[in-house]
Each structure stands twice: as C-alpha cells, then as structure tokens.
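Each remark here refers to the structure printed beneath this line.
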Amino acid sequence: MKALVFERDVPRLAAARVAGAMRPGLGARYGPLSLDEVDPPQLPGASWVRLRPRLAGICGSDLSTIDGTASRYFEPIVSFPFTPGHEVIADDDAGRRVVLEPVLGCVARGIEPVCPACARGDLGNCERLAFGSLAPGLQSGFCCDTGGGWAAEMVAHPSQLHAVPDDLSDEAAVMVEPTACAVHGALRWPIREGDLVVVLGAGTLGLLTVAALRRMTPAGVIITAARYPHQRDLARSLGADRVCEPGELARLVRRLAGSMAYTAGTGRDQLTGGSDVVIDCVGSSDSLQQSLAIVAPRGAVVVVGMPASVRLELTTLWHRETALVGAYAYGAETMPSGERRRTFDVAFELVRDADLGRLVTATYPLSHFAEAIEHAATAGRRGAVKVAFDLRHEKGR
Amino acid sequence: MMPRPGFVLEVDRSTPPSLFWRGEGFSLEKLPAGRSRVVYAPEPLEPLADVDTAIRHALDHPIDCEPLRALLRPGMRLTIAFDDVSLPLPKMRRPDNRQRVIEAVLDLAADAGVDDVHIIAALALHRRMTEAELRHAVGDRVYDAFAPRGLLYQHDAEDPDNLAYLGTTAHGEEVEINKRAAESDLLVYVNINLVAMDGGWKSTATGLASYRSLRHHHNVRTMEHSRSFMDQHRSELHLSNRRMGKVLVDAGVKVFQIETTLNTDTFPPPFSFLSKREWEWNPRDRALYVATTKSLARTPTRLARKIFHSIEAPHQMTSVQCGEVGAVHQVTTDQVYRQQLVPVEGQTDILTMGIPYICPYNVHSIMNPILVTCTGLGYYFNLYRGKPLVREGGVLIMTHPTPWEFHPVHHPSYIDFFEQVLAETTDPAEIEATYEKSFAEDEWYRHLYRTGYAYHGVHPFYMWYWAAHGLQHCGRVIIVGGEPRAVRRLGFFPASSLDDALEIASDVVGRHPTITHLHCPPLMLADVT
C-alpha cells in the first residue's frame, strides 16, 4: 500500500530543518518523509481493527516534525519509522465511518491496571506512552506499530474509535480531533462568568478554541488576534467579540480591561491589569511573552499551541502570580456545569453546532504530499485553514 | 502698496499647474481647463506699526468695559489665561502675541499693586505644553518669573479639586471651568485669533473647561449643525459657548477678553514661494520649488518633519482689542474677515485641497490619519461662509501621504481609536454613542493627559466629530498619495494621482465635473454665494 513514512534519518532531518527555516513546509521535500510502497501494519492484538482512512488532516505538530523543529522531548515517546496522521476519519472493517481518537493510552497498550490518568479518563496524561504491548508512541501517527492516517491503511484499537453519524460529512468529521484539542484547551482553566479571554493565534486551533470558548464557557468578551482577513472573518463568525491584528492586541486588551500600562524592560507594553485568561494557540517565545504581558495578575496563560524550546522573561510570571498551564490533547472534561464528559463527545457536538467542516479548505492526494505540506505550513497567508489528505480514491483502500 | 484681496482664478490652458500640499512636501498639479478654478487667499494685511503701543492703547480703551487699570487693585486675585500651542500655525516668530500682551497686562498689574497673579495655559483637552513651548508663547521673562514659583501652569481638565461647577445653561449644558479662573476677581483671557472659529466665549468656555462641560458642544449634533463653525452666526458650537458664557457671567466670573489677529504672512524664506500665486513665481521661486521637492523626496520623513516644524511664521499682528467678550469678538471677527474672506460664486462638484504637515493638534508631532481627516473634512471643508464650496453629494479630494503612523506620546488614544473604533465603524453618531464614554473615562488616558504630553482620551473623537458635517455633506472622499490601508480604514478611497482621483470621482459626479481647488495655506475663508 501507499504510505507516507517518516524515518529516523539524522542527515535528512538536518536538511529538513534548513529547508523548513527557509520556507515553512519545505522540509517535506528534503527531509526524511517519503511516499513509499509498504506492507500494511500488523494487528497488534486480537481486538485491533484495520482502518482505511478517508481524510487525514495535517496538524501543526506534524509540520514541526517534518520541518525538524519539534522538541527532542518526544524522542522517547515516538518510534520510527512511522506514518504520520492523527486527525483521521476512516472506514473500519465493518464499513462504518469512524473518527480516530489517536492517543495510545493504557487500554490500547494492553496495560492493566491502567495508570491513574487513564483511570480518570484523562487520556492525554497517560503515564505509559512508551510501555506495554506497543512500541513507544504518544499517538497513532507517531508509532511504528499502528501506522497513521497518511496511508491507505492503518490499525487502531476499538477504544480509539468513535462512530460518525451518517449526516456528518467527512470534512466535518476530520475536524473532530483538532476540535477536541480546542475543547480541552478552552476548559483547561476554569473560566468565570464574564471573564475577558484572549486567544492568541487564528490558525485552526485558535479558531476552534474560539468556537469552544463561546459555546462551552461563560466567557465574557473573547478577543482574537488574527493576521489574515479570512481568519478575522472566521473568528468573528465562530464567536470572537473583538478581532484585531496581532500588533494591536496589547492596546485592545488594555482598553477593554481598563488597565494601565508601562513599557517593561522587555520592550513591549506590559499591562498592569489585563485579560483574565490568555489561551496561546501559537506556543512561540513571542506569543508566550506577549501572553504574560497581557494577562491580569493571578490570571492564567493556557498553552495550547505546541511549543518547542522557547526563551522567556519570567519575572512577570513571578511578580504577577500568573498560572502557566499546558493543555495537551483530550480525554475527559469537567464541564462548567460540573458534568464529566468525554472530550470527543463534546467535540462532535461542537463540530456540528459551529459547522466546523467549513474550515477544511484544501485536500490533496498522497502523491502531492509536498505541496500539501507546504500549503498547510503557509495556510494563513494562502487563505486556508485546515489542509488534509484525501484518501478516498487512493489505490489499495 | 495695498495688499491684494483674495480671488478666484478660472483655469484655462495657459494656467500653470497649482500647488498642492502633501504633508511634508508638495506637488504641482494641472487642473482641467475650462471647468476648474483656484481660490487664492488675500495677501497679508499690513501689520500694526507699533504693536506695544497698540496693546497699551487697547488696554486703556477697551470695548464696553472699564480700562484694565481701573479693574486692578491691590489684594485682588488676577488670573491670566492664554491660548495654547495649537495657535498660531505655524508658530510665530518671537515675540509671540501672547508674550507681548501678557507683559503689558503684568506691567499694569504691577503698577496697581496686584501680587496674586496666576497664569494658566488654556489647554482644554489638548496635550500639555513643554517648557520650550511655554517659553515661546509667554517669553522667558514671564516664564522665569512665574513658572518656578508654580504660578504659571497648565489647565488640567481632569483635576476635580481645581474645577468649579457654575451651573447649567437653559439648554441643560453643564458649565465647569478651572477653579482658579472661576474664583478670581478678574480673569484676563489672552487670545490669538487665527481663524474665525477662535475666540469669543469659546476661549473661556472651552479652553478652561472640563470634559463634563465640553461634551455639550463637542459632539456630533453640534458639529452637524454648525454651518460652518467658521461662521459664528450659523454655528451651534458658538451658540453653545455663548450660552455657557452667560452662565459664567451670571455666576460672577468677570472676564476681560484680549483678542489679537494675525496677518497671513505664513512662510518665511526659503518657503515663501508657497504663499505666492504660481504664475507669479519668478525663476528663483521655480528653482526653489524644484530644489525643495527633490531634496524632500530624499529626506527621511522624520527629518523632513523636524525641518517643517521648525518653521517660524513671519505672522504679524494686525489688530488688538479688548473688553467685554462678545463685543470684542465682533471686532476681532471683522478683522479676521478683512484678512481672510474671499468671495466665491457658486458651489463645485469636486473640492480639492492639499493637506499640509501641520494642524492645531500635531505641533512638533505627527499628522496622523485622524488629523488628516480633521484637517480636510473638519477645518478646510468648513472654511466657508454661506454654503460649502462643494455641493451636497459632491466629492472632496485631499492630497496627503496619510501614513499609518501616530505619535505614541502625544496621541495614544488616537492609536486605539484608529485600530479599535474605525475598524468597526466610521459613522460619527455610532462612534459617539458606542465608544466615547469608555475612552473619555479611561484611567490610562487620563493619567497620560495629566502627567505626560498626551491629548485627552476623548480627543480623537472630537477630531472625528469635527469632520461630521463634511462626512455628511460629501458623496465621496478621496485621498491622493495616501497609504491605501490607512485611507481605507478612514472609510475613504485611496488614489495614486490626481487623475486617478478624478477618475474615481467620476462615479459620483460624472465625467466633466466642476473643480475648485482651495489654495491653502495661507488661510482663507470662502464667502460662497
């Protein structure tokens, strides 16, 4: 079968890093990602099933892997060679359409008893990602045993599968996984009635986070900083009350929060008050530093965007008692009502309510993977949001 | 030789191109022959032969009032208020009118044994003046005698301890002004009347007022009903200020108004060609134009700005009168009209104007997009008496680079207004209803206004309201040479050249519109019949 395969190839990874630095996404042409003819993955256990992906999205974490900028932190929890692709809607053996919940937690790994996090339902926090009956891999798409969505076939544990209602399009269904990330990010910190919330970044994750905040939390004013016109329009339509350019954000927050300001030694405006919560869907040094500058004392910065190595001036965090909170993946959420729900269930509802299938703006066959990756890496400036592989007509399905 | 009056030139094929200001630069533009005209300001009037003598004479012979020396007595509280850095434009060569008048008043006060004297810059909601600007206005002698002892200071419209509420007008307008001025035995107001809008009761009721008071006449309704605010008899702005003046008088505030007028001698050499009529340019003028434009094109904007703001105008005083506010202002207005009035017959389809580097609110600062709007659609559009130069539904074309650039110290709330308010709407009424209060009461802006050199938080709103009548009247506004993104944010159309602008205007006024170019500065007032 055809599959995109990512190998541990240090020279090519270095080439990807150089190429990616020149132009985002260029690592796909020069790095260790290739389109190969490979054998389908073996079923790791009796209960496992085969999936034939229909659509598989390209995520920011995929892009950083391909461009060689991902943190080495992941090395022990991935296994090579792997087929990327963890945002997947697929057909299973029974012909049902299913969405993959890609985290490879204790149940998928055949570990009993499950770790405390998996016992709570907080799958993303699983403590056994490198252990059990599977090769290391934090998710399908990063594990050599399971394959990933960027192939004609992959395998999955039944606990990872969510049936797709007939009336939900493939495009909508492929948005469920990133939406689950956004739901988790929006609910990661308790947002109070009327809180001023800033979402940094208006790519897929930022936009989905806006949608989740508006529908799942009692947030007051939601502000989004967006660079491109289509992002601004989408942010508004998904529930942002105010949308500004990134360079205008601090001034807008200052005014809406009724804060004073001063120029800190960091050279950027440091607010004295600020936003109650900032959700950083970028995860860069710049975005995190800005988050710390605009968040109110004792407020929280929720890091949803995947950071790598960043450099931060943390005096403000110390002085203003800011909570810096990570938000990775999903599992189960405590809703504002107190109810405990699986994140994917909530995400399905949100995808439908907010018509999130419209965010899929381009699809490519596997054979055009380099163009697809470059498109995804430059989605904003090219007027796109989510770019995905369309495998519905792939040979070998 | 008598100075020549202003006049209207009908453009024909032999007419040389007309000068258009473009911020810190200018260009020559050929206007279509047979349907264009250019309005030129009158030449500068002869100044007073002996200014100091004229001032002393005016103080001894006031209008409808006792001589100033008769109003001064030992033990009294005397306050002298003066117009701020927004006047005149460009700043005049020293000695400034205010210095000469204040020194004369202080001489009389000293003769009378008055020793409780405060001197206050009547800022209203403008930025505070720097020491250099204060020295330029009142002179070193006055500054050194009063400022170090805290007796020369600037009005603070946000200082609740130093404001006095004096009542409301019959229209419900609250009158609140500087407490020291209100409680003095005599308030002497020293004015420079650059345009017909200045002076009268507007001096005290605006210059020394608080936001609580100013909002009653600095609003959209007032501006839309001031046609124009250069014509005090048809200006709701002036009616409101006069009503407030009555409250001041009824409350016992005794005002001795001193008003001065200037001629329109605006630009010194080597820029004096800017005031001349193009067909009268001699070879030297033409050479200067070419040299100046070419060198400005190579000069960084910041340096060009510095060069222009260092210009000191050779303005000279043409009259000084004092006494009762209303009576004085009538004489002053006649003097302004004598200098600036130009009869113009009929309206035009397109009004063109070059926006210069300066307006009242960017002295030593940046002419940001909001101020470009205010200068074009507020000030220049309103330089009329009778009816606007451009017909209702016509097109207004400005030339200005209109950079997306703001002075961060002087105009912090302008930045937010531009980014946050104009991004949502450009409708003055909606802006007033939705956003004004939050900006006016913003603690940060208040802090910067009171302790730094920032215009008040509400000031960009007033600039937008100033343009409300023009916005309501014109069918389209086009800015030639402006930064397209900034021009669009203003709600206007960007054009790369005058020809391009005329093409864009043709959607509104057809292919053969009449065009009138306001050749300004020097300042003028079109008397449109």
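Sequence lines set the chain letters: A, B, ... in the order given, protein chains first and strands last, and positions in each chain run from 1.
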Evaluate the side-chain proximity of A/Leu252 to B/Glu419: yes if any heavy-atom separation is below 4.5 Å, no if none is. no
Sub-3.5 Å donor-acceptor pair from the side chain of A/Arg242 to the main-chain atoms of B/Gln420, do we have one? yes
So, the part of B/Glu424 with a heavy atom under 4.5 Å from chain A: the answer is side chain
Between B/Phe439 and A/Arg255, is any pair of side-chain heavy atoms under 4.5 Å apart? yes
With a 4.5 angstrom heavy-atom cut-off, could you sort out which part of A/Thr272 is near chain B: side chain, backbone, both or neither? neither
Could you tell me whether A/Arg254 sits above the aromatic face of B/Tyr445, with NZ or CZ closer than 6.0 angstrom to the six-membered ring centre and within 45 degrees of the axis? yes
Distance from A/Arg251 atom CZ to B/Phe418 atom CZ, nearest 0.5 Å? 11.5 Å
Tell me if the CZ atom of A/Arg358 is crowded by more than 12 foreign heavy atoms within 6.0 Å. yes
